[in-house]
Amino acid sequence: MTSSDTAKRVGIYIDLTDMRADGTRSSWADIKKMAQDAEHIGFDSVWLPDRLQMDEMGLWESTTMVAAVAAITERVTIGTGVTRSIYRNPALLAKVVDSIDEISGGRFILGLGAGSNDGDNRQFGYPNDHLVSRFEEALFITHTLLRKGEINHSGKYYSAENCFLQPRGPSPNGP
């Protein structure tokens, strides 16, 4: 396959900080307008950050906003820059992203990372140690649930005993 055979795709990153450039508070209405405008203009995807805080600046919670963007758009692919596994129990994360996949009609892409932002982790009470080991275990649980729909796992950091992912979204092997 040559580069001329592949479609060029262009996405837009919409910041979730709670402040507009003019210093006023941002809102869901702002994010909604940007996402709908991006789809109308012809962007192929909309991406949101998965951060909880940036120093003194707050951000809206990403999975909530991704689900909302999925509900008000029809065509664009939707995802987070990287969803930080440290912020969410991996079995619950699988449930959340499968639900977003349902809302989006299969347009959701899950990118998963360790979540190594020291400031966010401290401010919101998440562990800051063994991030790679925690990520490895979280990835195993999340991936297994999304692909197979079930897992029985008791690990060092997480447990998901006799866990089933039901109902399932439209993507046969998960988002």
Side-chain angles (χ1 to χ4, degrees), residues 9-117 119-121 123-126 135 138-139 141-143 145-147 149 160 163-175:
R9 297 180 186 200
V10 178
I12 187 169
Y13 175 90
I14 298 175
D15 204 350
L16 295 179
T17 56
D18 67 353
M19 188 118 22
R20 293 186 187 121
D22 66 3
T24 60
R25 183 183 162 278
S26 70
S27 66
W28 160 241
D30 297 322
I31 296 162
K32 177 181 176 182
K33 181 171 179 2
M34 285 186 275
Q36 288 176 325
D37 286 352
E39 184 170 60
H40 178 75
I41 290 167
F43 281 96
D44 298 300
S45 56
V46 173
W47 301 92
L48 306 173
D50 190 31
R51 290 283 308 271
L52 300 173
Q53 193 81 10
M54 291 179 67
D55 300 318
E56 300 296 318
M57 191 179 314
L59 283 82
W60 295 108
E61 197 282 321
S62 68
T63 58
T64 305
M65 290 298 178
V66 167
V69 168
I72 56 96
T73 58
E74 297 177 4
R75 182 190 50 77
V76 291
T77 300
I78 303 158
T80 59
V82 173
T83 302
R84 295 163 189 253
S85 63
I86 199 77
Y87 295 165
R88 298 162 190 92
N89 172 284
L92 177 59
L93 178 61
K95 187 78 168 171
V96 167
V97 301
D98 216 29
S99 296
I100 295 170
D101 196 49
E102 172 67 20
I103 293 166
S104 72
R107 295 178 291 130
F108 180 68
I109 294 178
L110 174 63
L112 195 59
S116 61
N117 186 281
D120 285 12
N121 292 1
Q123 288 174 335
F124 286 84
Y126 292 107
F135 173 67
L139 178 62
I141 293 169
T142 303
H143 182 267
L145 276 170
L146 290 173
R147 293 296 183 257
C163 184
F164 295 89
L165 191 57
Q166 294 175 349
R168 298 303 310 269
S171 302
N173 291 317

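- When every heavy atom of P175 is checked against every heavy atom of R147, the shortest pair comes out as O-NH1, 3.7 Å.
- Among all heavy-atom pairs drawn from V82 and G113, the shortest one is CG1-N, 3.2 Å.
- The heavy-atom pair separating I14 from A35 by the smallest distance is CD1-N, 3.6 Å.
- Atoms SG and CG, on C163 and N89 in that order, are 8.5 Å from each other to the nearest 0.5 Å.
- Inter-residue side-chain proximity for I109 and W47 is flagged as met; some heavy-atom pair is nearer than 4.5 Å.
- Considering every non-hydrogen atom in both P170 and G105, the closest pair reads CG-C, 3.7 Å.
- The CD1 atom of I100 lies 8.5 Å from the CG atom of L93; values are rounded to the nearest 0.5 Å.
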Exercise for the section: Take T73 and I78, measure what side-chain contact (heavy atoms from CB on, under 4.5 Å) needs, and give me the verdict at the end. Expected result: CA-CA 9 Å; T73 58; I78 303 158; 3.6 Å; yes
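- No donor-acceptor distance shorter than 3.5 angstrom exists from the side chain of D98 to the backbone of K95, with no hydrogens or angles considered.
- A 4.5 Å side-chain heavy-atom check between V69 and W28 finds at least one atom pair inside the cut-off.
- Proximity of a side-chain donor or acceptor of D44 to a complementary backbone N or O of V10 within less than 3.5 Å is detected.
- The NE2 atom of H143 sits 10.0 Å away from the CG atom of L110 when rounded to the nearest 0.5 Å.
- A heavy-atom distance below 4.5 Å is not found between the side chains of D101 and L146.
- One distance of note links CZ of F43 with CG of D37; it measures 10.0 Å at 0.5 Å rounding.
- Taking 4.5 Å as the limit, some side-chain heavy atom of Q36 sits within range of a side-chain heavy atom of I72.
- In this structure, Y87 and Y126 approach most closely via the heavy-atom pair O-OH, 3.0 Å.
- Counted within 6.0 Å of CD on E74, heavy atoms from surrounding residues, nucleotides or ligands total 12 or fewer; the atom is thus considered open.
- Environment of NZ in K32: sparse, with no more than 12 heavy atoms of neighbouring residues, nucleotides or ligands closer than 6.0 Å.
- Between S171 and F108 the shortest side-chain heavy-atom distance does not fall below 4.5 Å.
- The only option from T142, V97, L145 that meets the side-chain contact (heavy atoms from CB on, under 4.5 Å) definition with L165 turns out to be L145.
- L52 is not listed as a side-chain neighbour of Q123, based on a closest heavy-atom distance of 4.5 Å or more.
- R107 places a side-chain N or O within donor-acceptor distance of the main-chain N or O of A70, the cut-off being under 3.5 Å.
- A distance of 8.5 Å separates CG of D30 from CZ of R25, quoted to the nearest 0.5 Å.
- Between the side chain of D50 and the backbone N or O of S62 there is no donor-acceptor pair closer than 3.5 Å.
- R75 contributes no side-chain N or O that, together with a main-chain N or O of H40, makes up a donor-acceptor pair within less than 3.5 Å.
- Under a 3.5 Å cut-off, the side chain of R88 and the backbone N or O of A94 do not form any donor-acceptor pair.
- A138 and P90 make their closest contact through O-CB, 3.5 Å (heavy atoms, listed as atom of the first residue, atom of the second, distance).
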